[in-house]
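Structure record follows, encoded as structure tokens.
Throughout, a chain's letter reflects where its sequence line sits, starting with A, and its residues are numbered from 1. Just so you know, these numbers come straight off a predicted model, no measurement behind them.
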Amino acid sequence: MRNLSYVVRWMISLWIFTNYEWRMKPMAELAKKYEAKDVEEKWYQQWMADGRFHGDSANGGDPFCIVIPPPNVTGILHMGHALNNNIQDVLTRVARMKGKNTTWVPGMDHAGIATQNVVERALKKEGKTRDDLGREKFIERVWEWKEQYGGTIQNQLKKLGASCDWERERFTMDEGLSDAVLEMFCRLYDKDLIYRGNRIINWCPRCQTALSDEESEHVDVEGALYHLRYAVKGEKRKLVVATTRPETLLGDTAVAVNPRDERYKNLIGKTVVLPITNREIPIVADDYVDPEFGTGLVKITPAHDPNDFEMGQRHDLPQINVMTDDGLMNKNAGPYEGMDRFECRKQLMDDLKAGGLVEKVDVHQHAVGHCYRCETVIEPRLSPQWFVKMKPLARPAIEAVNDGRIKFVPEHWSKTYMGWMENIRDWCISRQIWWGHRIPIFYCDDCNHEWASKVIETACPKCASTQVRQDEDVLDTWFSSWLWPFSVFGWPGTSDDLKFYYPSKTLVTGNEIIFFWVARMVMSGLEIMDDIPFDTVYIHGTVRDDQGRKMSKSLGNSIDPLDIIEKYSSDALRFSLLMITATGQDVYISDEKFEIGRNFGTKIWNAARFMEMHSEGFDVKDLAFDPARLSPDDQHLLAKLNEAISSTNDNLERYRFNDATVVLYDFFWHSYCDWYIEYAKPILFNGSPEEKKHTLQVMHHAFSTALRLLHPFMPFLTEELWHGMEYNHSEETIMLAAWPEKVSSDGIDPKVVEYVDGKHDLIRVGRILRSEYNLTNKQTAVFNVRPSNKTYAEQIETDKASIMALLKAEAITVDVAFAPAGAMPSGISTLGTVYMSIEGLVDVDAEIMKLSVELDEVVGHLANVKKKLSNENFVSRAPKDVVAVQENRQEELIGKSEKLTKMIEMLRG
RNA sequence: GGGCGUUUAGCUCAGUUGGCUAGAGCACCUCGUUUACACCGAGGGGGUCGGCGGUUCGAGCCCGUCAACGCCCA
């Protein structure tokens, strides 16, 4: 009931207040409520129109370049993108404000398989397949799709406030980048670093293409380990082999044992008769076989398993492929021809069981490869494909990280990188799809000549035959991405931009593409440019929901950044995301977390409104306050500002964005609003014109500096206020305003700053007293302060008015010899003891109880400190300053305990 | 099987080369119709820092070990 009446009263007063304001036409020009949506739209347009994002080598200076991890053309913005681009934008905006010649190159990836899948799905709705259209028509269709739907993410990035250099936007299939791809292929081919080989690759039966090892995602599944009985030829006994993929027995060409395995020594050289097919295959000895696993006997299927393939090579075994491209059994599977591979597995097991050929089936946890695009189970399979020889490329890439030319942040990711580099395997780059860069290899059907060429060839250079055809396959999408840091600047052509901006500064990405992209860019950069592509790799965490699950459509737990922008604003999204993202740790988000940023934005806005209300007639061009006039609170604020500046810079340098945001939040909310504005109110309301002017100078100085520090994190709000507060007289846009580095500490006395810390403590103690006696703001109280020393006494005396205002005190007495006349609530602050004299009864017992509890605490701490100081080892071994701290503390605690004891005695009368 | 990460307040997380009484936001409780802000202000409660062992004058932090969870690679 009570709450309800409060609400009603509140609503009524709010209504009156709002209408009153409206009729009065407030002085403030800033709207009462910040309309983020309009503001954000407006400024992005303006920045674009003014070309603020563009960098040009012709302007010279100090280059700063970031290349975006190009999102897929099919992509739509998710929180991972938001975080990723947020960080890049912060780095970019800071660099720009620091006066660097800055470009952040955006673009998109053609995403071969993903895009082809999307278009194929669209075709399917029309009842068509890509084969119905044919290669050329299909590719046309993909381009059409791209024009129509592709790249929505680019517009979404704009909503985020990403200050990308849009004039430089690139697409991995555009003419220039395609040329780079062909050039790269031909160079590597001519250096024998690209070859064609018949090897076991990861085959996706749904996408019907080969994949690289990295594109096969291992998922732990609860499968089965099937123990099958194979008959030894000419003997009655049966061997038991264990396998997770029984259907591949149709392609078995041997059984292997470890040569040192005593159990099976006598089997080597004998023959096994395969069930169902009755094919006869040899028993061979190979070190690869682990005697501990399963029965110590393994079946060998060289066409369907990489290890079996290797063994097959060693023992010169035939390779029998039992499946078709789409994962059905082929004619080598005999009776199972035409069956799906998993159906076949079931049927085959039934048949083997019927024949008494199944020993047992164990539950078995194992990792199974899945297509990273469609999650279909990968079929390892023998297939002729194109590969890049990676070892020679890896060597310099290992060097670059080892010798520190490239740094990972956090550092431990370099281990992941190294582990992969050192065990690198050749990269399967051919894909049996249509959307992508077609492999520039040509074959002559007459003389069998094979060559690489950047142009479409019509005649054989060897025999002049026109019976020439190009390879049907296209290249892995990542074959274009790994050239990104230099191809975006026109390579293989030479350009001033390339010379100027390469290498870029920081690569910002998630850990999931260290192998796919980061590692390969390092290799290609060193190979082609003979230089690293970036000097820092910043790896951020994965964005998860508040239960720690990855955001995914199927779980329905995705939080759409655009919804958050709609609900809370882009600035709120940006600030909140960075504030809750610890360096390299995963981020758990839920809607409410974005309230932090929104509330902070509102706080800044309202502080600006407050200042504006008092700034009539004030000239913001004239912020050169007189250092000699700085009051203790002025000095304190400026000291805190200086700390915030250096701390922000330090944190940014170390990529500690969360710490940077916390520092700014803390400075602005607490130092600036809670303390300084409250301090300034009496001056602004009642001070002389000179006092007012001086205080406003300090305020605007601090505020405009804070805005600049905040700009990379909250670009829109800060730009709006930069103009709203008319700070744009110096620099038209805050984007180019000077980044705060060091500020003069003229007129700032550390002792005075310390005094203000003490003043705040004193006020806090006074407020606690008020709170303990449930005094409302209207109830007045007289405070008596007994300062601990004369200096404090003088400082407090001079500063009395301010302390009174902040304590809502009727009066304050300052007396180093103050002794309470009767029972008075009291508390101890760093500047001295505070007594509150109130009318009415003091609860003496409660007061004694409170002070006793405090005394107990102090005595406890004191015991600890004494114990430390009486420990000779501590005094002799700990550094002097640490000991000194303890000694000071001991003194303090003794003083405090004495005071408390006296106060309690006094109360006891 | 190998590697990496995580474990701190009810929740989400900071805590840097070991050194003052372990912090923040949210949530919770009390109070508040003062002219920047209720998306606010003032105050408050809440922690054996995953377990065990070790190093050290001193451990949330370093070392060892165990456990749980997550990720990557085989």
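- Within the nucleic acid shown, A:K681 comes within 4.0 Å of at least one base atom, counting heavy atoms only.
- Between A:F309 and A:H304, the distance from one ring center to the other does not fall under 6.0 angstrom.
- For the pair A:H670 NE2 and B:rC37 C1', the interatomic distance rounds to 14 Å; values are reported in whole Å.
- Atom name P, nucleotides B:rU8 and B:rG60: the rounded distance is 15 Å, in whole Å.
- Side chain of A:F685, nearest nucleotide from B:rG19, B:rU35, B:rA42: B:rU35.
- Comparing A:S216 and A:A607 along RNA chain B, the residue whose closest nucleotide (by nearest heavy atom) sits nearer the 5' end is A:A607.
- Under the Watson-Crick or G-U wobble criterion, with both distances below 3.5 Å, B:rC39 is left unpaired in every strand shown.
- B:rA36 atom C1' lies 16 Å from atom OH of A:Y676, rounded to whole Å.
- Here the P atom of nucleotide B:rC20 and the CG atom of A:D881 are 11 Å apart, to the nearest Å.
- Contact annotation: A:H218 reaches the phosphate of B:rA74 (side-chain N/O to OP1 or OP2, under 4.0 Å).
- Taking a pair to require two hydrogen-bonding distances under 3.5 Å in either a Watson-Crick or a G-U wobble arrangement, B:rG19 pairs with B:rC57.
- Across the P atoms, B:rC11 and B:rU48 are found 12 Å apart, a figure rounded to whole Å.
- Counting only heavy atoms from C-beta on, A:D659 has its side chain closest to B:rA14 among B:rA14, B:rG19, B:rG5.
- As rounded to whole Å, 8 Å separates atom P of B:rA74 from atom CZ of A:F515.
- Residue A:K808 contributes atom NZ, which lies 12 Å from atom C1' of B:rU35 at whole-angstrom precision.
- B:rU48 is unpaired under the criterion used here, namely a Watson-Crick or G-U wobble arrangement in which both key atom distances are under 3.5 Å.
- Counting non-hydrogen atoms of neighbouring residues, nucleotides and ligands closer than 6.0 angstrom, the CD atom of A:E726 reaches no more than 12 such neighbours.
- Nucleic acid contact class of A:A367 (heavy atoms, under 4.0 Å, all strands): base.
- As judged by a 4.0 angstrom heavy-atom cut-off over every strand, A:R764 is placed among residues touching the sugar-phosphate backbone only.
- Comparing B:rU16, B:rC20, B:rG5 against the side chain of A:Q886 picks out B:rC20 as the nearest.
- With rounding to the nearest 0.5 Å, the separation of CG in A:L578 from NE2 in A:H540 is 11.0 Å.
- Across all strands shown, B:rU33 forms no Watson-Crick or G-U wobble pair with both key distances under 3.5 Å.
- Salt-bridge formation is detected for the pair A:R245/A:E379: a Lys NZ or Arg NE/NH1/NH2 atom is positioned less than 4.0 Å from an Asp or Glu carboxylate oxygen.
- In this structure, B:rG10 and B:rC26 make a Watson-Crick or G-U wobble pair, each of the two defining distances being under 3.5 angstrom.
- Each of A:I768 and A:D650 has a nearest nucleotide on RNA chain B; the 5'-most of these lies closest to A:D650.
- Under the 4.0 Å criterion applied to side-chain N and carboxylate O atoms, A:R609 and A:E612 are not assigned as salt-bridge partners.
- OP1 or OP2 of B:rC37 has not a single side-chain nitrogen or oxygen of A:R598 nearer than 4.0 Å.
- Side-chain atoms of A:N774 lie closest to B:rU30 of the nucleotides B:rG19, B:rU30, B:rA36.
- A:D650 has a carboxylate O that lies under 4.0 Å from a charged side-chain N of A:R654, or vice versa, which qualifies the two as a salt bridge.
- Checking the phosphate oxygens (OP1, OP2) of B:rC40, a side-chain nitrogen or oxygen of A:N599 falls inside 4.0 Å.
- The existence of a salt bridge linking A:E678 and A:K681 is confirmed by a sub-4.0 Å separation between a basic side-chain nitrogen and an acidic carboxylate oxygen.
- Residue A:K33 has its side chain nearest to B:rC39 when only B:rG43, B:rA36, B:rC39 are considered.
- Not a single donor-acceptor pair, N or O on each side, falls under 3.5 Å between the base of B:rU16 and the side chain of A:R656.
- Looking at heavy-atom distances under 4.0 Å, A:T602 makes contact with a base.
- The same atom, P, is picked in B:rA27 and in B:rU35; the two are 24 Å apart, to the nearest Å.
- Side-chain atoms of A:K603 come within donor-acceptor range of the base of B:rC37, with a qualifying N/O pair under 3.5 Å.
- For the C1' atoms, the distance linking B:rA9 with B:rA22 amounts to 11 Å, nearest Å.
- The side chain of A:W669 sits closest to B:rG41 out of B:rG41, B:rC37, B:rU34.
- Considering only the side chain of A:S771, B:rG43 comes nearest among B:rU12, B:rG25, B:rG43.
- Distance A:I763 CD1 to B:rG41 P: 16 Å, rounded to the nearest Å.
- Taking atom C1' in both B:rU21 and B:rA36, the straight-line distance is 35 Å, to the nearest Å.
- In this model, the phosphate group of B:rU21 is approached by a side-chain N or O of A:R889 to a distance below 4.0 Å at OP1 or OP2.
- The phosphate of B:rC4 (OP1 or OP2) has a side-chain N or O of A:K415 nearer than 4.0 angstrom.
- At a threshold of 4.0 angstrom between heavy atoms, the contacts of A:E678 include nucleobase atoms, whether or not backbone atoms are also involved.
- Rounded to whole Å, the separation between the P atoms of B:rU56 and B:rG18 comes to 16 Å.
- As a whole-Å value, the separation of A:N651 CG from B:rG15 C1' is 13 Å.
- One P atom belongs to B:rU7, the other to B:rA14, and the distance between them is 7 Å to the nearest Å.
- Taking atom NZ on A:K850 and atom P on B:rG44, their separation rounds to 11 Å, with Å as the unit.
- For the residue pair A:K759/A:S802, the side-chain donor-acceptor check at 3.5 Å is satisfied.
- The side-chain heavy atoms of A:E215 and A:W478, taken from C-beta on, include a pair separated by under 4.5 Å.
- Under the Watson-Crick or G-U wobble criterion, with both distances below 3.5 Å, B:rC71 is paired with B:rG3.
- For the P atoms, the distance linking B:rU17 with B:rC63 amounts to 12 Å, nearest Å.
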